[in-house]
Amino acid sequence: MKLLITAGPTREPLDPVRFLSNRSSGKMGYALAEEAAARGHEVTLISGPVALQPPKNAQVVRVVTAADMLAAVKLHLKKCDVLIMAAAVADWRPARVGKRKMKKGGAQRLTLELQPTPDILKSIGKLKGRRIFVGFAAETHNLRAEAKRKLREKNLDLIVANDVTVPGAGFEVETNCVTIFDAQSEEQWPLLAKRDVAERILDRIEDLGKF
Ligand code: C5P
């Protein structure tokens, strides 16, 4: 099958030297891309800025902002059967981007005005067709309710949710502890290496697609 996978954070510039971002390392998305390519699937990986080696046998498209990532997903989705949104897309971006470096100027306080970034999954909902869409949810509370809401609202076939407050799960680490939901069921997996989580996710996708 042909997979489009997103990974890593996005960066939302504030001025030429500063940006807003998050703690995503990209490891989960890169593990999915490595595993899918090793299984012989055709993989396009859209990656935010990360410090990882590109996966073998995958086409890598590098992006910076949420808007760049949306444009790249739209461009590459047409030729794909499966979209896995493992990227931690920034939810907010500065409403104004300075052309010049912002100066302290002796100020005691600075208030930033932010605006929402585009929600990639919601923006491409109409392009889904018969494709399989898989999302991720990194939560600190109400994991089950949030995962089920996102599954429904983002028109997903599967969502992989993890509580980022659990040691060894989520951002920056080599392991993850996730619960996977579809519309009917949920399955909690033990703490596993991200590559093992990737294997199990791909097993579920291959079952869905009967590829
Ligand atoms: O940020 P949130 O928890 O809503 O993310 C859930 C899913 O939606 C993830 O798969 C993420 O990649 C995706 N997402 C997106 N566009 C955004 C924010 C998140 O497609 N702006």
Side-chain angles (χ1 to χ4, degrees), residues 3-13 19-33 36 43-50 61-77 80 82-95 114-128 131-166 169-172 176-183 186 194 197-198 200-202 204-205 208:
L3 290 107
L4 183 60
I5 301 174
T6 66
T10 66
R11 281 182 187 169
E12 309 302 327
F19 55 81
L20 295 182
S21 192
N22 59 62
R23 290 173 50 200
S24 169
S25 63
K27 285 176 181 163
M28 193 62 243
Y30 274 59
L32 280 159
V43 178
T44 304
L45 175 66
I46 299 176
S47 177
V50 298
V61 178
R62 296 190 185 278
V63 297
V64 178
T65 65
D68 296 342
M69 189 172 277
L70 172 61
V73 168
K74 277 187 178 162
L75 187 68
H76 292 275
L77 186 67
C80 293
V82 178
L83 169 67
I84 309 180
M85 281 293 303
V89 186
D91 290 325
W92 299 96
R93 65 184 171 202
L114 304 179
Q115 60 181 204
T117 57
D119 189 300
I120 296 173
L121 280 168
K122 284 187 182 168
S123 313
I124 58 167
K126 288 199 180 73
L127 306 175
K128 184 169 191 264
R131 293 181 182 83
I132 296 170
F133 279 9
V134 181
F136 276 73
E139 307 294 343
T140 56
H141 54 285
N142 292 344
L143 182 118
R144 176 178 290 113
E146 282 300 299
K148 287 186 164 180
R149 181 178 64 79
K150 288 174 188 179
L151 184 79
R152 207 174 48 244
E153 288 182 0
K154 298 194 180 207
N155 200 8
L156 302 173
D157 299 280
L158 294 171
I159 191 159
V160 183
N162 65 303
D163 179 342
V164 289
T165 65
V166 171
F171 293 135
E172 292 167 335
N176 213 352
C177 188
V178 306
T179 305
I180 186 162
F181 297 80
D182 63 16
E186 68 180 81
K194 285 186 174 170
V197 177
R200 289 183 181 216
I201 293 170
L202 285 162
R204 288 289 299 264
I205 294 169
L208 272 180

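Read the numbers this way: they start at 1 and go in the same order the structure lists the ligands and their atoms.
- Asp157 places no side-chain N or O within donor-acceptor distance of the main-chain N or O of Val134, the cut-off being under 3.5 Å.
- The part of Pro118 lying near ligand 1 is the backbone, judged by heavy-atom distances below 4.0 Å.
- Here the heavy atom of the protein found nearest to atom 16 (N) of ligand 1 is Ile120 N, 2.9 Å.
- Nearest protein heavy-atom neighbour of atom 9 (C) of ligand 1: Phe136 O, 3.0 Å.
- The pair Asp119-Lys150 does not meet the salt-bridge criterion, since no charged nitrogen lies less than 4.0 angstrom from a carboxylate oxygen.
- Enclosure of atom NZ in Lys148 is not indicated, since only 12 or fewer non-hydrogen atoms of other residues, nucleotides or ligands lie within 6.0 angstrom.
- Under the 3.5 Å distance criterion, the side-chain polar atoms of Arg131 are matched with a main-chain donor or acceptor of Cys80.
- Nearest to atom 12 (O) of ligand 1 among the protein's heavy atoms is Ala87 O, 2.8 Å.
- Counting heavy atoms of neighbouring residues, nucleotides and ligands inside a 6.0 Å radius, atom CZ of Arg149 exceeds 12 of them.
- Counting only heavy atoms of the protein, atom 14 (N) of ligand 1 lies nearest to Lys154 NZ, 3.6 Å.
- Counting the atoms of ligand 1 from 1 in the order shown, those under 4.0 Å from a heavy atom of Met85 are 9 (C), 10 (O), 12 (O), 20 (O).
- The distance from ligand 1 to the heavy atoms of Asp91 drops below 4.0 Å at these ligand atoms: 1 (O), 18 (C).
- Close contacts between ligand 1 and Thr117 involve ligand atoms 21 (N) [criterion: under 4.0 Å to a heavy atom].
- Of all protein heavy atoms, the one closest to atom 20 (O) of ligand 1 is Leu121 N, 3.0 Å.
- Regarding atom 2 (P) of ligand 1, its nearest protein heavy-atom neighbour is Lys150 NZ, 3.6 Å.
- For NZ of Lys74, the number of neighbouring non-hydrogen atoms (other residues, nucleotides, ligands) closer than 6.0 Å is 12 at most.
- The shortest N/O to N/O separation between Val134 and ligand 1 does not fall below 3.5 Å.
- Heavy-atom proximity to Gly135, at under 4.0 Å, picks out these atoms of ligand 1: 10 (O).
- Because its NZ or CZ atom is not both nearer than 6.0 Å to the ring centre of Phe171 and within 45° of the ring axis, Arg23 does not count as a cation-pi partner of that residue.
- Asn22 places a side-chain N or O within donor-acceptor distance of the main-chain N or O of Ala88, the cut-off being under 3.5 Å.
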